[in-house]
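The chains referred to below are lettered A, B, ... by the order of the sequence lines, with proteins before strands, and numbering in each begins at 1. These numbers come from a predicted model, not from an experiment. Side chains included, hydrogens not; waters and symmetry mates left out as well; all remaining heavy atoms used.
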Amino acid sequence: MTVRTRFAPSPTGFLHIGGVRTALFAWLFARHHGGQFVLRIEDTDRERSTQAAVDAILEGMAWAGLDWDEGPYYQMQRLDRYQAVAQQLLASGHAYHCYCTRDELDAMRAAQQARGEKPRYDGRCRDRTSPRDGVPPVVRFRTPGEGTIVVEDLVRGRVEFANADLDDLVIMRPDGVPTFHFGVVVDDADMGITHVIRGDDHLNNTPRQMHILAALGEPTPAYAHLPMILGPDGAKLSKRHGAVNVLEYREAGFLPEALLNCLVRLGWAAGDQEIFSIDEMVALFDIDGVNASAARFDPEKLRWINQQHLRGADAGRVAAALLPHYAAAGVDVAGGPPLEGVVDAYRERAATLRDIVDASHYLFGDALPRDEAAFRKHLVPAVRAPLLDLLLRLRALPAWDRAAIHAAVAAAAEAAGLGFGKLGQPLRVAVTGGTVSPPIDATLELVGQARTLARIEAALAGIAAA
RNA sequence: GCUCCCUUCGUCUAGCGGUCCAGGACGCGGCCCUCUCAAGGCUGAAACAUGGGUUCGAUUCCCAUAGGGAGCGCCA
């Protein structure tokens, strides 16, 4: 039997990184076992579902690289099917019409809680034979009242529930739209899902879904309930913790494989390995490596992981990914150095794409962002002569490459009796406007000969004026 | 309230009865390297929630307690 997993988000907002983690595990499991991954949109909450959310989910999945083999299926396009299955359950006596009003149900639950009982539907319509005027009925599932049901969870092991604790849940609304439990069960059965991999907030829902499946005569899939991921403070991950929308990570300059790498290590490990390529994740991932306890998401570690991936990523690809970030920063890269070169100079000293952009403004355009304190400290009269000497040497260079630049700087420093750094740092300030940049030879190569010479001249003029 | 789940350094984790005075990683401190920043190397501080069992022997198995979390909707 080939493995089939699914990711079934409801389109009520953006794609949350917790959702991405769930999707990732289901996707990896399918890929690892050579199976299929299905995407299903659970849009039966008509109040909250929006097309914008569907689009955001699709865009998030695409950016993350979690591709699906089937779908997206939309539950609202399968209403006839749920209707038919509900009729089947009604006919076989596994379900019944319920005419209770919301007010009645609220009152019932309030009374139960007041008595210290678990709020549950008391089955008052179970044996009702006649309709009630003016009340459109819902369909309720008739849950077995006795015995126990066991969930054999791939992550948690055997979990037993008493049927007496379960009540008769609504499976169809009066308007013919199924509720969550029913839609899930019918779809998973119809779509041949073999492994239901989802958040552990669904563990308590599993027994009722298994009962519906049994009533339908369908086999139960294997279940794997993943531990939740929490914010850095241990509370449920929310906007309060900063970015929770996957696309915000794209905007912040993270590589998708780095985000996935970070997420995959939350609740899963393969020995001591920390950095995984997508291929390695697929090769190594399996459910038996998944642990059962909740994990906190650490943005600091994500930065480190991103840096690791940045170091090994293809320069051309990173350069392309950089484009929108430069645009967002208002930097026109036309006329600047080739972006691949910028990537190679910066990949070891930046954690995100945005870090690269923020640190490299001086490479583009003619306006130089000036760190005034650095100018005062480094561009002093004492460096005027050696800087002028260096200017001449650089101006005379026939080829503008790292090695030649390095030789020129070293020669100028030696001629002036200075250490490399004594000249290098003033040079850096003059050319980049600040004290931090890649090695000075690489920096000048990227800045280009014309701009370098102009900036040194400007710096010399500044010293003379002072 | 009831039901279910979880519990190793600050954080992510390794550990599947002796190899553990508990290993790796992020972060943090120190040293080295060094033209700045990084990167890298070395190094330091830092954990088996508590109490009972089981066993010759528990971080590892069982049970309590405590602390977290989830579910109990005509939300998913």
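The CZ atom of A:Phe182 sits 13 Å away from the P atom of B:A76 (whole-angstrom rounding). The distance between atom CG of A:Asn261 and atom P of B:C26, rounded to the nearest whole Å, is 13 Å. Atom-to-atom, CG of A:Asp355 to P of B:C37 comes out at 16 Å; the value is rounded to the nearest Å. In this entry the distance linking CZ of A:Arg120 with C1' of B:G73 reads 15 Å, nearest Å. When the C1' atom of B:A39 is taken as reference, atom CH2 of A:Trp304 falls 13 Å away, rounded to whole Å. Taking atom CD1 on A:Ile440 and atom C1' on B:U36, their separation rounds to 8 Å, with Å as the unit. As a whole-Å value, the separation of A:Lys301 NZ from B:C12 C1' is 4 Å. Distance, A:Gln308 CD to B:A39 P: 9 Å, rounded to whole Å.
Sequence order on RNA chain B of the closest nucleotides to A:Leu203 and A:Asn291 puts A:Leu203 first from the 5' end.
Nearest to the side chain of A:Val138, among B:C74, B:U13, B:U3, sits B:C74. In the set B:C12, B:C35, B:U11, the nucleotide with an atom closest to the side chain of A:Asp298 is B:U11. The A:Asn204 side chain lies nearest to B:U3 when the options are B:U3, B:A39, B:A76. The nucleotide whose nearest atom lies closest to any side-chain atom of A:Arg311 is, among B:U7, B:G40, B:U3, B:G40. Closest approach to the A:Thr435 side chain among B:G1, B:U36, B:A39 is made by B:U36 (side chain taken as heavy atoms from C-beta onward). You'll find that the side chain of A:His202 is closest to B:A76, out of B:C12, B:A76, B:C72. The A:Glu300 side chain lies nearest to B:G27 when the options are B:C35, B:C74, B:G27. Of the candidate nucleotides B:C6, B:C74, B:U36, B:U36 has the atom lying nearest to any side-chain atom of A:Gln425. With B:A76, B:C6, B:C12 as the candidates, the nucleotide lying closest to the side chain of A:Arg156 is B:C6. Considering only side-chain atoms of A:Ser293, the nucleotide from B:C6, B:C35, B:A70 that sits closest is B:C6.
Of the possible donor and acceptor atoms, one in the side chain of A:Asp43 sits under 3.5 Å from a partner among the backbone N and O of A:Met76. In terms of modelled atom types and a separation under 3.5 Å, the side chain of A:Arg349 and the main chain of A:Pro438 share no donor-acceptor contact.
Between B:G73 and A:Arg109, a contact under 4.0 Å exists linking OP1 or OP2 to a side-chain N or O. Neither OP1 nor OP2 of B:A76 sits under 4.0 Å from any side-chain N or O of A:Thr179.
Within the shown strands, nothing qualifies as a pairing partner of B:A14 under the Watson-Crick or G-U definition with both distances less than 3.5 Å. Pair check for B:A64 finds B:U50; Watson-Crick or G-U wobble, both atom distances under 3.5 Å. Shown here, B:C33 forms no base pair; nothing in the strands shown gives a Watson-Crick or G-U wobble contact with both key distances under 3.5 Å. The base-pairing partner of B:A70, taking Watson-Crick or G-U wobble contacts with both distances under 3.5 Å, is B:U3.
Under the 6.0 Å cut-off for aromatic ring centres, A:Trp268 and A:Phe285 qualify, their centroids lying closer than that. Aromatic rings from A:Phe25 and A:His195 are positioned such that their centres are separated by 6.0 Å or more.
At the heavy-atom level, A:Pro227 lies nowhere under 4.0 Å from the strands shown. A:Glu160 comes within 4.0 angstrom of the backbone, heavy atoms only, and of no base. Within the nucleic acid shown, A:Phe161 comes within 4.0 Å of sugar-phosphate atoms alone, with no base atom in reach, counting heavy atoms only. Contact annotation for A:Thr44: backbone-only contact, meaning every heavy-atom pair under 4.0 Å involves sugar-phosphate atoms and none involves a base. Backbone-only contact: A:Gly267 has heavy atoms under 4.0 Å from sugar-phosphate atoms and none from a base. Within the nucleic acid shown, A:His225 has no heavy atom closer than 4.0 Å to any nucleic acid atom. As judged by a 4.0 angstrom heavy-atom cut-off over every strand, A:Lys422 is placed among residues making no nucleic acid contact.
Taking the six-membered ring where the residue is Trp, A:Phe254 and A:Tyr249 present tilted rings, their angle falling between 30° and 60°. Note on ring orientation: taking the six-membered ring where Trp is involved, the planes of A:Tyr99 and A:His97 are tilted (angle from 30° to 60°).
Straight-line distance between the P atoms of B:C61 and B:C16: roughly 11 Å, to the nearest whole Å. Between B:U3 and B:G10, the two P atoms lie 33 Å apart (nearest whole Å). Comparing B:C56 with B:G15, their C1' atoms sit 22 Å apart, to the nearest whole Å. Only the C1' atoms considered, B:C26 is 15 Å distant from B:A14, to the nearest whole Å. For the P atoms, the distance linking B:C62 with B:U7 amounts to 11 Å, nearest Å. Distance check on atom P: B:U60 versus B:A22 gives 16 Å, rounded to whole Å. Taking the P atom of each, B:U65 and B:C2 are spaced 12 Å apart, rounded to whole Å. B:G30 and B:C20 have their P atoms separated by 31 Å, given to the nearest Å.
A donor-acceptor contact under 3.5 angstrom links the side-chain atoms of A:Arg428 to the base of B:C35. Between the side chain of A:Glu274 and the base of B:G24, at least one donor-acceptor pair of N or O atoms lies under 3.5 Å.
The environment of CD in A:Glu152 is crowded: more than 12 heavy-atom neighbours from other residues, nucleotides or ligands sit within 6.0 Å.
Applying the salt bridge (Lys or Arg N to Asp or Glu O under 4.0 Å) definition to pairs two or more places apart or across chains, none involves residues 8-21 of chain A. Under the side chain to side chain donor-acceptor pair (under 3.5 Å) criterion, no residue pair touches residues 135-149 of chain A, with sequence neighbours excluded.
The shortest heavy-atom contact between A:Ala86 and A:Phe182 is N-CZ, 3.7 Å.
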Under 3.5 Å between N/O atoms: give me all the protein pairs with nucleotides 20-23 of chain B, atom names plus distance.
{"from": "B:G23", "atom 1": "N2", "to": "A:Asp272", "atom 2": "OD1", "distance (Å)": "2.9"}

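Each of A:Arg208, A:Arg124, A:Lys118 was scored for a salt bridge (Lys or Arg N to Asp or Glu O under 4.0 Å) with A:Asp167, with one residue passing: A:Arg208.
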